[in-house]
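If you're wondering where the values come from, they're calculated on a predicted model, not measured in any experiment. FYI, side chains are in, hydrogens and waters are out, and symmetry mates aren't considered; it's all heavy atoms of this structure.
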Amino acid sequence: MTWTLIRSWAKDQGYKLTKSKPSSDDELQENEIAVYSYEKVDDHSIKGSETSLSKVAKAIYNHITNNKFVEYQQNYQGLDI
């Protein structure tokens, strides 16, 4: 997953996605973590932040689907693949 792809998908779903990081450099320095924040454009009470693209994408997806697949996601994470 790339930042551009996830940001575009989130925008299509009605969310604003921003990325912040501790340093001003384009590349993250060692031990720095980017923070991805999302907010629903038409309902500012729906917002959150995550430390990875996959987590922010999952959070938005779960909101869109009204948490319909959370149990499946938890079971899948518990599998030894």
>> Please enumerate all residues that pass side chain to side chain contact (heavy atoms under 4.5 Å, CB included) together with Ser45, with sequence neighbours excluded.
In response: Asp43
>> I'd like to know if Ile60 and Val35 are part of one continuous hydrophobic network [Ile/Leu/Val/Met/Phe/Trp/Tyr, side-chain heavy atoms within less than 4.5 Å].
In response: no
> Quick one: side chain to side chain contact (heavy atoms under 4.5 Å, CB included) partners of Lys58, sequence neighbours excluded?
Replying inline: Asn62, Gln73, Gln77
> Side chains of His63 and Ile46: closer than 4.5 Å at any heavy-atom pair?
Replying inline: yes
> Any chance the side chains of Thr4 and Thr2 put a donor and an acceptor closer than 3.5 Å?
Replying inline: no
>> Once side-chain hydrogen bond (donor to acceptor under 3.5 Å, both in side chains) is applied, do any residues pair with Ser49, and if so which ones, sequence neighbours excluded?
In response: none
> With sequence neighbours left out, what residues match Glu39 under side-chain hydrogen bond (donor to acceptor under 3.5 Å, both in side chains)?
Replying inline: His44
>> Using the rule that Ile, Leu, Val, Met, Phe, Trp and Tyr join whenever any side-chain heavy atoms are under 4.5 Å apart, tell me whether Ile6 and Ile64 fall into a single cluster.
In response: yes
>> Before you tell me yes or no, could you show the steps for Thr51 and Tyr36 under side chain to side chain contact (heavy atoms under 4.5 Å, CB included), namely the whole-Å CA-CA distance, both residues' side-chain angles and the distance that decides it to 0.1 Å?
In response: CA-CA 6 Å; Thr51 56; Tyr36 302 94; 6.0 Å; no
> Within a strict 4.5 Å, meaning less than it, do heavy atoms of the Leu5 and Arg7 side chains meet?
Replying inline: no
> Could you go step by step and tell me if Trp9 and Tyr15 meet the ring pair (Phe, Tyr, Trp, His ring centres under 6.0 Å) rule?
Replying inline: CA-CA 9 Å; Trp9 171 79; Tyr15 291 81; 7.6 Å; no
> With sequence neighbours excluded, what pairs up with Ser8 under the side chain to side chain contact (heavy atoms under 4.5 Å, CB included) test?
Replying inline: Asp12
>> Using the rule given for side chain to side chain contact (heavy atoms under 4.5 Å, CB included), can you reason through Lys40 versus Asp42, listing the C-alpha separation, both sets of side-chain angles and the distance that settles it, and then say yes or no?
In response: CA-CA 6 Å; Lys40 184 86 167 129; Asp42 59 358; 3.1 Å; yes
>> My understanding is that only residues two or more places apart in sequence, or in another chain, count here; which of them pass side-chain hydrogen bond (donor to acceptor under 3.5 Å, both in side chains) with Tyr38?
In response: none
